[in-house]
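Comments concern the structure below.
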Amino acid sequence: MSYSTADSLPSVTLDDVRGAQKMLAGVSRVTAMEGSRYLSRLVGAPVHFKCENLQRTGSFKLRGAYVRIAGLMPEERAAGVVAASAGNHAQGVALASSLLGVRSTVFMPTGAPLPKVAATRHYGAEVRTHGTVVDETLAAAQEYAAGTGAVFIHPFDHPDIIAGQGTVGLEVLEQCPEVRTVVVGIGGGGLAAGVAVAVKALRPDVRVVGVQAAGAAAYPPSLAAGRPVSIGNPATMADGIKVGRPGDVPFGIIGDLVDEVRTVSEDALSSALLLCLERAKLVVEPAGASPVAALLSEPDTFEGPVVAVLSGGNVDPLLMQRILRHGMAAGGRYLAVRLRLTDRPGALARLLGVLTVVDANVLDVSHIRTDPRLELTEAEVELHLETKGPAHCAEVNLALREAGYTVID
């Protein structure tokens with residue numbers, strides 16, 4: 001597919017990306033590429049992970065931030081830089097600024113994960129919290145830039161940022177020259193645009209597929225309209241790609257060079273994160289797992305070999321706990337059952353005995369005796385069980401029915 005690009009917008013070329021790669025030598029890591037046997041079997045072709053979750057600061061963002069700040073004039077560096085981010089861009093700007101000896105101020109939403117806030121400070125930035133969503137935080141950072149003269153470092157809407165992120169694409173081609181499809185998450189579009197510039201310039205036959213969370217998918221309507229449009233109240237657990245409007249510069253590139261943009265559900269994101277942790281032993285944040293979610297959702301629609309870019313691994317441990325539970329539930333690893341039994345000594349023990357026989361692990365028991373819905377001699381029990389998958393869930397339900405219990409819907 002091809003969409004027109006505004007002539008007034010700056011372009012990003014392969015030479016720009018190669019120049020960024022030279023600039024980043026010794027600064028960013030050439031991150032590992034790991035094969036996934038599970039996904040390879042599912043897709044029917046080799047699937048590899050490009051592990052930007054193992055990059056310095058835990059995501060690809062250092063690449064673009066360093067290239068952007070390194071390209072500033074001396075007087076601009078002297079004025080310092082300012083950025084707005086929920087976490088990954090914040091850390092990239094903070095570390096890049098420290099490496100280059102530039103003062104940095106980073107605005108973060110009030111609800112930003114505490115580990116990301118702490119890491120941003122650790123890398124040397126002054127952190128200020130403002131607003132509850134990134135758009136409010138961006139406005140505060142831009143106001144600060146206008147008032148102080150600090151240079152605003154946009155997270156995705158600048159050619160230098162895109163060129164820096166494009167070095168991921170060069171590494172993909174170097175590490176997997178036989179690649180046929182590259183799958184990459186999209187928020188504002190900086191990473192996908194940079195990867196597309198590098199890949200399509202060197203291998204126009206390679207298919208580039210972008211992935212957005214369904215609750216924060218601004219690109220499909222924007223591509224349909226032929227211009228960036230805003231969506232109201234983007235909602236997704238994947239805060240790294242929770243962006244309400246595409247960037248002007250990456251939008252033009254993605255419209256011209258990215259073959260397709262897909263969306264994935266929250267359940268698919270949870271399952272993808274769980275797969276990365278269990279199967280690949282990789283800690284990946286929801287945004288970083290979005291390409292894996294796309295592969296899990298429609299595995300037979302990708303031509304291999306496939307490279308999935310795991311763009312980041314900065315996830316709040318509390319969020320990780322919730323996501324893992326959600327992912328396990330989506331994968332049939334949890335089962336909640338509610339049933340009634342006669343309220344007499346030993347009734348609960350008998351019920352638990354049935355579950356023991358079918359090897360269901362009881363996580364939580366809620367035992368209700370006083371409720372207007374219940375008869376005098378009845379009790380209601382709600383059980384949360386850890387199971388081995390959908391087949392085991394069916395086995396548990398069958399065992400309960402055969403034991404004389406009626407599961408309440």
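Residues: numbered from 1 along the sequence shown. As a basis for the values below, the full set of heavy atoms in this structure was taken, side chains included, without hydrogen atoms, waters or symmetry mates.
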N/O donor to acceptor pairs below 3.5 angstrom from side-chain atoms of residues 67-78, sequence neighbours left out:
residue	atom	partner	partner atom	Å
E76	OE1	M73	N	2.8
R77	NH2	A70	O	2.9

Within the distance-only criterion (no hydrogens, no angle test), does the side chain of [X] pair as donor or acceptor with the backbone N or O of [Y] below 3.5 angstrom?
X: Q55; Y: R29; result: yes
X: R103; Y: A79; result: yes
X: R203; Y: V179; result: yes

So [Y] and [X], do their side chains get closer than 4.5 Å, heavy atoms only?
X: F156; Y: V243; result: yes
X: L355; Y: L400; result: yes
X: V184; Y: K50; result: no
X: N53; Y: V283; result: no
X: P286; Y: T236; result: no
X: D239; Y: K116; result: yes
X: V172; Y: V195; result: no
X: V183; Y: V292; result: no

Side chain to side chain contact (heavy atoms under 4.5 Å, CB included) for Y66 and R63? Distances and angles first, verdict last. CA-CA 6 Å; Y66 188 91; R63 298 173 183 262; over 6 Å; no
Going by distance alone, is a donor N or O of one side chain under 3.5 Å from an acceptor N or O of the other, for [X] and [Y]?
X: R262; Y: S297; answer: no
X: Q21; Y: T167; answer: no
X: R350; Y: Y405; answer: yes
X: Q212; Y: S290; answer: no

Greater than 12 external heavy atoms within 6.0 Å of [X]'s [atom1]:
X: D364; atom1: CG; answer: yes
X: E386; atom1: CD; answer: yes
X: R227; atom1: CZ; answer: no

Chi angles and distances behind the side chain to side chain contact (heavy atoms under 4.5 Å, CB included) call for E34, C51: CA-CA 7 Å; E34 300 287 344; C51 300; 3.9 Å; yes
Give the minimum heavy-atom separation between G92 and L62, together with the two atoms involved.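 So the two residues come closest at O-CD1, 3.8 Å.
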Pick from P46, S40, P177: which one makes a side chain to side chain contact (heavy atoms under 4.5 Å, CB included) with P305? P46
Pick one: which of I161, D157, V197, I186 meets side chain to side chain contact (heavy atoms under 4.5 Å, CB included) with P250?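 Of all the options given, the one that passes is D157.
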Verdict with reasoning, E395 to K388, per salt bridge (charged side-chain N to carboxylate O under 4.0 Å, His left out): CA-CA 10 Å; E395 181 185 354; K388 301 171 185 177; over 6 Å; no
Taking only residues two or more places apart in sequence, or in another chain, which ones meet T13 in a side-chain contact (heavy atoms from CB on, under 4.5 Å)? S11, D15, D16
Take M237 and S270, measure what side chain to side chain contact (heavy atoms under 4.5 Å, CB included) needs, and give me the verdict at the end. CA-CA 9 Å; M237 70 176 77; S270 295; 3.3 Å; yes
Going through the distances and angles, do T31 and E52 end up as a side chain to side chain donor-acceptor pair (under 3.5 Å)? CA-CA 6 Å; T31 50; E52 281 297 290; 2.5 Å; yes
